[in-house]
Asker: 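Sharing a structure, written as structure tokens. Questions coming.
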Amino acid sequence: MKGSKKNPNFKPHAAQPSDFIRAKVAADIVSDKYGGRVTTRFPPEPNGYLHIGHAKSICLNFGVAAEHQGGTCNLRFDDTNPATEEVKYSESIQKDVRWLGFDWEGKTRYASDYFEQLYVYAVQLIELSLAYVCDLSEAEIREYRGTVTEPGRQSPHRNRSIEENLDLFQRMRAGEFADGSRVLRAKIDMASPNMIMRDTILYRIRRLHHYRTGDEWYIYPMYDFTHCLSDAIEKITHSLCTLEFKDNREIYDWILRAVAIQNPPEQTEFARLNLDYTVLSKRKLIRLVEERHVSGWDDPRMPTLAGLRRRGVTPTAIRTFCDLIGVARTDSRIDIAKFEYCIRDDLNMIAPRVMGVLHPLRVVIENYPADSQEILEAPSYPHDVPKEGSRDVPFSRILYIERDDFLEDPPPGYFRLAPGREVRLRYAYFITCTDVKKHPDSGDIVEIRCTYDPESRGGRSPDGRKVKGTLHWVSAEHSVPAEVRLYDRLFNVPDPEDIPDGADFLTHVNSHSIVRLTNCRIEPSVLNDPPGIRYQFERLGYFVTDSVDSKADSLVFNRIIPLRDTWAKISGKRGRSEPRVEESMPKKKADKVPKHYLDQPPTSQHESAGVQLNYNGLSQEESRIIGGNTALIAFFEDALTAHDDPAAVAKWVINDVLGEISGGSVDSLPFSGVDLGSLVALVSNKTISRSTAKSVFSAMAVGGGSPSEIIERDGLTETFDAQSIEKAVKSTLATHPDKVNEYKRGRHGLMGFFVGQVMRETGSRADPETVKRLLRDSLS
RNA sequence: UGGCCCCUCGUUCAAUGGCAGGACUCCGGUUUUUGGAUCCGGCAAUGGAGGUUCGACUCCUCCGGGGCCAACCA
């Protein structure tokens, strides 16, 4: 309403519409459908925790609003089911949305705040004779509803008087009836092909304590009734939801129309997020928690925002990810690598570097005095990260390096430490391995003996000699002990929900998804930092202290994500130190080569359907298509009265008219069959070209009117003779010399481009065949 | 099986009926005191068959494949 409201999320330099939803919003602003207003909402039910799938919806709803001056996005709890909803969920959801970086206009909304208004709307529906109280039991209602292939039957209570319905509904509210004994239903159509529309249930009786309204209500509204009206109450303009609500759109519109909402909000559906190697359904997430496969909703392996936060993933990474994956109507499953990329990309720029050794191997620097030590200054960020800062790193005679940074018998391509080899200790010295000490019984390597080059302090040798390997390390004496938890994907397969009948998705949980390392050593500088800093442990990955278990005197780090590890890839190992899941299974994908497509002639199944039209020049297929639809037959025959050429008219009816109505009815068209017929006549007698006719057709589809009027109005009379086309061809070629060259070099696909340019220049009035001929002549 | 929706590189998102492009992955190379990051380059797609059109990823038909709907859940 008021464009002056300030929007905390407003991004003044919004990008161009980048998906179909933003395109629709932009179009609605141009057409001034809601007075230029954009109001969205994020409507969670407070019965669980938010996860990364919700993040997609949050980013979309808040994002779309933020991209328009004065745009707002409400946070509204869809709290109509007292059986499952709790304050703690409501609170955690608000916390998570804020953490993600969004804020909502004004107060938090609750559908439960609208219960009284909703009740009034329900009474209105009853008075309109569009709703009735039904006494059927739950099982009976199910039975009366029919199935997807059979129509349902009408409830025996469907035709109660308005007075009786009013009375009963009022008494339902007053608590006179038992739970489940009665419901309020919309009076729609028990034979509707859309199951949702078979007298949709609007209210049910529940003697339950609601976490906000307490014991005030005995009846609670259903989603389909509540959601559209809540949107209307909040003057939402664009109600965005996921694909599975597509069928519900019909009842959404039906209710708003029934109670005569002006400027009703419109629902648009988009595909929900699916991520490889994880599950995102509330039900499955609950099982992971309740059956103790994870430690809780905030287990760092969980895809919940709480889990991601504890893991150390940044809100920025999640928002970038949501931007990157886009919004569409295609069911999809995103490659987890994309998410990992976003996490690393953000952390690389913000995480200070420290050194930590996960699997310590003792190194003794033989020529470094035992009673000596020194402090090395190490930058906190590499040269390519534009941030300042450094920390002190102590060096001494006894060090730890990573166990797999030493190999007694290295394979080709390995350029870390090995007997006789020289490597660099990062920020410190060059060292050369002189000896290996093994356990007398097991033969395990227990210690490496090395010498260092005092001249190479800082990691550079004055004589210019190069070393290929650089290792991270800590001083044995100065480093601090820590537990480090390594996380991996929670499931072994890309799509854990895709399971054979009777199987359980839990059989796919990755038993190695957490590995606890308790002997790790971290450089002491971390003791100076407050908890919660996200570090890069150099050469290993990104880590953060665990917000629950880490204490000042017993550090616990979570690995957020490992660094990319090219060596692991080369050497055929996965990861650095922990068992990995088996390689990705091939994804399920439709068979690209249908095996039996030759089996059935295309029309065999439909020969008997509809009326077989009998006009000269119509193919069997054409007459079947038109004959299958009585409105279309009438339209077709109307057209014939204006232009008696069945073959030509049929092509327009089938290829253009059907395209225009896309599944709807010809009756909704703003022009008549006669108009179409006269348009075809103009093409047939060459008054206008076909391409001009296409423009005229589009204009007719938008505003109606007869072809001749439109041609007159828009000045589409044919004026393009060969000479003026020639001129347009010349100017087109002159403005695209580079394309001309490419064409002459053999890129003949450019012909379409040239034709398109000339057609545009002539306002689609030129004859394309002439254009093409002239172009070919000029380009040869 | 009735209705509705969807099908473009391995993945994902683009392309007013007119040059099939970007990102991630992968593969090379550059660079590097992180086998990270960077930079450069490369591989790679319109599910199939017909039709309309000068021209089809786009419009029409059929086939194939996938998804959603038969809670007093949302």
Side-chain angles (χ1 to χ4, degrees), chain A residues 18-19 45 47 78 80-81 83-84 138 141-142 145-152 179-180 183 192-196 198 201 203-206 222-223 227 243-247 269 271 276 324-335 337-338 341 344 348 353 382-385 415-416 424 426-427 458-460 467 469-470 472 536 538-540 563-568 570 587-588 590-603 605-606 619 621 624-625 651 654-656 658-659 690-691 694 739 742 747 749-757 759-760 767-769 771-772:
Chain A
S18 54
D19 57 66
E45 186 188 10
N47 70 346
D78 236 334
T80 57
N81 186 0
T84 56
E138 198 170 336
I141 285 180
R142 188 160 40 241
R145 186 150 38 216
T147 69
V148 289
T149 54
E150 310 151 32
D179 279 17
V183 292
S192 171
N194 181 354
M195 297 295 294
I196 307 268
R198 317 249 258 229
I201 294 173
Y203 271 88
R204 77 286 216 184
I205 303 173
R206 283 284 177 277
M222 302 287 291
Y223 166 84
H227 198 80
L243 246 27
E244 68 270 24
F245 289 96
K246 172 65 178 57
D247 288 347
E269 311 85 17
D276 273 353
L324 227 50
I325 57 177
V327 179
R329 293 181 58 85
T330 316
D331 279 309
S332 60
R333 174 166 294 276
I334 308 288
D335 191 337
K338 197 154 209 155
Y341 168 82
R344 290 191 183 105
N348 178 43
R353 272 62 170 174
H383 60 92
D384 51 1
V385 172
F415 45 80
R416 277 111 94 148
R424 168 170 39 234
R426 189 142 162 93
Y427 310 123
R460 222 179 306 267
V467 291
T470 300
H472 60 278
Q536 184 193 106
E538 296 209 50
R539 302 212 304 135
L540 294 175
L563 252 26
R564 286 187 61 204
D565 191 347
T566 311
W567 169 246
I570 296 168
K587 295 193 180 186
K588 208 176 160 187
D591 192 350
K592 290 213 172 189
V593 188
K595 298 177 192 76
H596 306 297
Y597 67 87
L598 289 174
D599 286 359
Q600 292 171 336
T603 59
Q605 303 184 335
H606 292 265
S619 73
E621 188 185 20
R624 175 183 56 78
I625 295 166
K651 288 197 195 322
I654 291 169
N655 294 299
D656 298 279
L658 284 185
R690 193 186 139 92
S691 51
K694 282 284 229 180
K739 303 278 191 198
E742 283 184 58
R747 193 165 159 206
L750 249 19
M751 179 54 80
F753 168 76
F754 291 126
V755 175
Q757 290 298 310
M759 293 303 286
R760 194 157 305 169
D767 170 48
E769 262 170 303
V771 171
K772 204 168 199 173

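In what follows, chains are A, B, ... by sequence order, proteins preceding strands, each numbered from 1.
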Asker: Quick one: does A:D247 reach the base of B:G3 with a side-chain donor-acceptor pair under 3.5 Å?
Answerer: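 Answer yes: a donor N or O sits under 3.5 Å from an acceptor.
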Asker: What nucleotide, of B:U53, B:G35, B:G36, holds the atom closest to the side chain of A:I570?
Answerer: B:G35
Asker: Using purine N1 to pyrimidine N3 plus N6-O4 or O6-N4 for Watson-Crick, or N1-O2 and O6-N3 for G-U wobble, each under 3.5 Å, what pairs with B:A14?
Answerer: none
Asker: Among B:C72, B:G35, B:G2, find the nucleotide with the atom closest to the side chain of A:R142.
Answerer: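 When the side chain of A:R142 is considered, B:C72 is the closest of B:C72, B:G35, B:G2.
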Asker: Measure from CG on A:L324 to C1' on B:A23 and round the result to the nearest Å.
Answerer: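 From A:L324 CG to B:A23 C1': 6 Å.
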Asker: Find the distance A:N655:CG to B:U52:C1' and express it as a whole number of Å.
Answerer: 4 Å
Asker: Picking from B:U12, B:C69, B:U34, which would you name as closest to the side chain of A:K338?
Answerer: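 For the A:K338 side chain, the nearest candidate turns out to be B:U12.
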Asker: Measure the OG1-CE distance between A:T147 and A:M195 for me, rounded to the nearest 0.5 Å.
Answerer: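 Between A:T147 OG1 and A:M195 CE, I get 6.5 Å after rounding to 0.5 Å.
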Asker: Is there a donor N/O on one and an acceptor N/O on the other, under 3.5 Å, for the side chain of A:D565 and the base of B:G36?
Answerer: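 Absent.
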Asker: Taking side chain as C-beta onward, heavy atoms only, is A:R333 less than 4.5 Å from A:D276?
Answerer: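 A side-chain contact exists here, since the closest heavy-atom pair is under 4.5 Å.
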Asker: If you take atom types as modelled and just measure distance, does the side chain of A:R344 reach the base of B:G36 with a donor-acceptor pair under 3.5 Å?
Answerer: no
Asker: Suppose we define a pair by two distances each less than 3.5 Å, Watson-Crick or G-U wobble; what does B:C59 pair with here?
Answerer: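 Pairing partner: B:G51.
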Asker: Using the closest heavy atom to pick a nucleotide of RNA chain B for each, name whichever of A:I141 or A:P193 lands nearer the 5' end.
Answerer: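 Closest to the 5' end, via its nearest nucleotide, is A:P193.
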Asker: Between B:C72 atom C1' and A:I196 atom CD1, what is the distance in whole Å?
Answerer: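 Whole-Å distance recorded here is 14 Å.
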Asker: Could you check whether A:S192 gets within reach of a base, just the sugar-phosphate, or nothing at all, counting any heavy atom under 4.0 Å?
Answerer: nothing
Asker: By the 4.0 Å heavy-atom rule, please label A:R426 as base, sugar-phosphate, or nothing.
Answerer: base
Asker: Calculate the interatomic distance between A:K246 atom NZ and B:C6 atom C1'; express it in whole Å.
Answerer: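 Taking NZ of A:K246 and C1' of B:C6, I get 12 Å after rounding.
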Asker: Find the distance A:R624:CZ to B:U61:P and express it as a whole number of Å.
Answerer: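 It is 9 Å, rounded to the nearest whole Å.
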Asker: Taking the side chain of A:V183 as its heavy atoms from C-beta onward, which of B:C72, B:G36, B:A70 lies nearest to it?
Answerer: B:C72
Asker: Looking across every strand, which nucleic acid part, if any, lies under 4.0 Å from A:G659 by heavy atom: base, sugar-phosphate, or nothing?
Answerer: sugar-phosphate
Asker: Please examine the side chains of A:N81 and A:N47, heavy atoms only from C-beta on, and report whether any two atoms are closer than 4.5 Å.
Answerer: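 Counting from C-beta outward, A:N47 and A:N81 never come under 4.5 Å.
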Asker: Quick check for you: among B:G35, B:U25, B:U12, whose closest atom lies nearest to any side-chain atom of A:A337?
Answerer: B:U25
Asker: Heavy atoms only, 4.0 Å cut-off, all strands: where does A:R424 land among base, sugar-phosphate and nothing?
Answerer: base
Asker: I need the CG-C1' distance between A:L750 and B:C19, as an integer number of Å.
Answerer: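 Rounded to whole Å, this separation is 5 Å.
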Asker: How should the glycosidic conformation of B:A71 be described, syn or anti, under the criterion that syn lies within 90° of 0?
Answerer: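 Base orientation relative to the sugar is syn.
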Asker: Measure CD1/A:I654 against C1'/B:U53 and give the value in whole Å, please.
Answerer: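 Answer to the nearest Å: 15 Å.
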Asker: Which value, in whole Å, describes the distance between the C1' atoms of nucleotides B:C57 and B:C19?
Answerer: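 After rounding to an integer number of Å, I get 14 Å for this pair.
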Asker: Can you check the distance between B:A15 and B:G55, where both ends of the measurement are the C1' atom (answer in whole Å)?
Answerer: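 It comes out at 16 Å once rounded to the nearest Å.
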Asker: At less than 3.5 Å, do the side-chain atoms of A:R747 and the base atoms of B:C19 form a donor-acceptor pair?
Answerer: yes
Asker: Could you state the CG-P distance from A:D179 to B:A71, rounded to the nearest angstrom?
Answerer: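 One finds 19 Å between P of B:A71 and CG of A:D179, rounded.
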Asker: For B:C26 versus B:U32, give the span between their P atoms, rounded off to a whole number of Å.
Answerer: 23 Å
Asker: Report the base-pairing partner of B:C68 (Watson-Crick or G-U wobble, both distances below 3.5 angstrom), or none.
Answerer: B:G3
Asker: Kindly say whether, by distance alone, the side chain of A:Q536 makes a donor-acceptor pair under 3.5 Å with the base of B:U34?
Answerer: yes
Asker: Would you measure the distance from the C1' atom in B:G64 across to the matching atom in B:G47 and give it in whole Å?
Answerer: 7 Å
Asker: Determine yes or no for a side-chain-to-main-chain donor-acceptor pair under 3.5 angstrom, with A:S192 supplying the side chain and A:N194 the backbone.
Answerer: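 Pair found, side chain donor or acceptor close to backbone of A:N194.
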Asker: Tell me which nucleotide among B:A37, B:A71, B:G35 gets nearest to the side chain of A:T470.
Answerer: B:G35
Asker: Could you state the interatomic distance from CZ (A:R145) to CD1 (A:I196), rounded to the nearest 0.5 Å?
Answerer: 9.0 Å
Asker: As a quick check of understanding, evaluate side chain to side chain contact (heavy atoms under 4.5 Å, CB included) for A:E538 and A:T470, giving each step before the final call.
Answerer: CA-CA 10 Å; A:E538 296 209 50; A:T470 300; over 6 Å; no
Asker: Heavy atoms from C-beta onward define the side chain here; which of B:G36, B:G55, B:C73 lies closest to that of A:T566?
Answerer: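 Of all the options, the side chain of A:T566 is nearest to B:G36.
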Asker: Between B:C72, B:G36, B:G50, spot the one nearest the side chain of A:L563, thanks.
Answerer: B:G36
Asker: Please determine whether any donor N or O and acceptor N or O are separated by less than 3.5 Å between the side chain of A:R333 and the base of B:U11.
Answerer: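 Looking at the base of B:U11, it does not pair with any donor or acceptor on the side chain of A:R333 (distance under 3.5 Å).
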Asker: Return the nearest nucleotide to the side chain of A:F415; candidates are B:G35, B:G36, B:C73.
Answerer: B:G35
Asker: Using atom P of each nucleotide, how far apart are B:U1 and B:C54 to the nearest Å?
Answerer: 39 Å
Asker: Centroid distance below 5.5 Å plus an interplanar angle below 30 degrees: do A:F753 and B:G18 meet both conditions?
Answerer: no
Asker: Within this structure, what is the CG-CG distance for the pair A:D565 and A:L563, rounded to the nearest 0.5 Å?
Answerer: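 That separation rounds to 8.0 Å.
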Asker: Indicate yes or no: at least one non-hydrogen side-chain atom of A:W567 is less than 4.5 angstrom from one of A:R416.
Answerer: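 Side-chain contact under 4.5 Å: yes.
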Asker: Quantified in whole Å, what is the C1' atom distance between nucleotide B:C6 and nucleotide B:U58?
Answerer: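 The answer is 15 Å between these two C1' atoms.
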Asker: Are the side chains of A:K694 and A:D656 in touch, meaning some heavy atoms are under 4.5 Å apart?
Answerer: yes
Asker: Using the P atom in both, what is the distance from B:G28 to B:A37, to the nearest Å?
Answerer: 15 Å
Asker: As a test of reading the structure: which of B:U52, B:A37, B:C73 is closest to the side chain of A:N81, going by heavy atoms?
Answerer: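 Ranking B:U52, B:A37, B:C73 by closest atom to the A:N81 side chain puts B:C73 first.
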Asker: Map A:E742 and A:E45 onto RNA chain B by nearest heavy atom, then report which one ends up closer to the 5' terminus.
Answerer: A:E742
Asker: Say we look at B:C73 and B:G18: how far apart would their P atoms be, to the nearest angstrom?
Answerer: 49 Å
Asker: Does A:M759 reach a base, just sugar-phosphate, or nothing at all? Heavy atoms under 4.0 Å.
Answerer: base
Asker: Scan A:E138 against the nucleic acid and name what it touches under 4.0 Å (heavy atoms): base, sugar-phosphate only, or nothing.
Answerer: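 Base contact - A:E138 has a heavy atom under 4.0 Å of at least one base atom.
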